[in-house]
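Input: a single structure, listed below in structure tokens.
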Amino acid sequence: MPFIDVTISAGRPPEQLRALIHELTLAAQRATDAPLSNIRVVLREVPITHFAAGDVTIAERRPAH
């Protein structure tokens, strides 16, 4: 049973998250021939103040409004 665990910064619309789940599920099915009902996808949304690369958060990278 393929299990896909994705961590992503929060703030995307539900439709975009649903599309990501759909595309990941199809990719896993194509790559493994597993039945769709056996493929699991978990999305973990992290606040942009808690997601950093190179000691800079996503919130800090975004221009001020």
Side-chain angles (χ1 to χ4, degrees):
M1 167 180 13
F3 185 93
I4 302 166
D5 189 350
V6 177
T7 302
I8 192 166
S9 60
R12 290 173 174 78
E15 300 80 19
Q16 194 175 54
L17 297 174
R18 184 64 187 93
L20 178 58
I21 291 169
H22 176 72
E23 295 297 332
L24 290 170
T25 300
L26 292 180
Q29 195 278 326
R30 283 191 306 268
T32 66
D33 257 348
L36 288 176
S37 60
N38 287 358
I39 299 169
R40 308 290 189 260
V41 177
V42 174
L43 297 182
R44 301 174 194 278
E45 290 188 282
V46 178
I48 61 172
T49 56
H50 298 161
F51 204 125
D55 196 31
V56 180
T57 68
I58 293 172
E60 292 167 336
R61 289 176 195 266
R62 291 192 177 166
H65 294 265

* To do: Show which residues join Val42 in its hydrophobic cluster (side-chain heavy-atom contacts under 4.5 Å, direct or indirect), or state none.
  => Phe3
* Asked: So how far is it from Leu20 CG to Thr25 OG1, rounded to the nearest 0.5 Å?
  -> 9.0 Å
* **Gap between atom CG of Asn38 and atom OG1 of Thr32 - 0.5 Å precision** => 9.0 Å
* Restricting to pairs with a member in residues 16-42, which pass salt bridge (Lys or Arg N to Asp or Glu O under 4.0 Å), not counting sequence neighbours? -> none
* Smallest separation among heavy atoms of Leu24 and Val6, with atom names -> CD1-CG2, 3.6 Å
* To do: If a pair satisfies side chain to side chain donor-acceptor pair (under 3.5 Å) and one of its residues is in residues 44-56, list it, with sequence neighbours excluded.
  => Asp5-Arg44
* When you measure from the side chain of Glu60 to the backbone N and O of Thr57, does any donor-acceptor pair fall under 3.5 Å? -> yes
* Can Ile8 be reached from Ile58 by stepping across I, L, V, M, F, W or Y side chains whose heavy atoms are under 4.5 Å apart? -> no
* Minimum-distance pair of heavy atoms, taken over all atoms of Val46 and Phe51 -> CB-CD1, 3.8 Å
* Find the distance between CZ (Arg62) and OG (Ser9) and round it off to the nearest 0.5 Å. => 6.0 Å
* Going from CD1 on Ile4 to CD1 on Ile21, what distance comes out if it is rounded to the nearest 0.5 angstrom? -> 10.0 Å
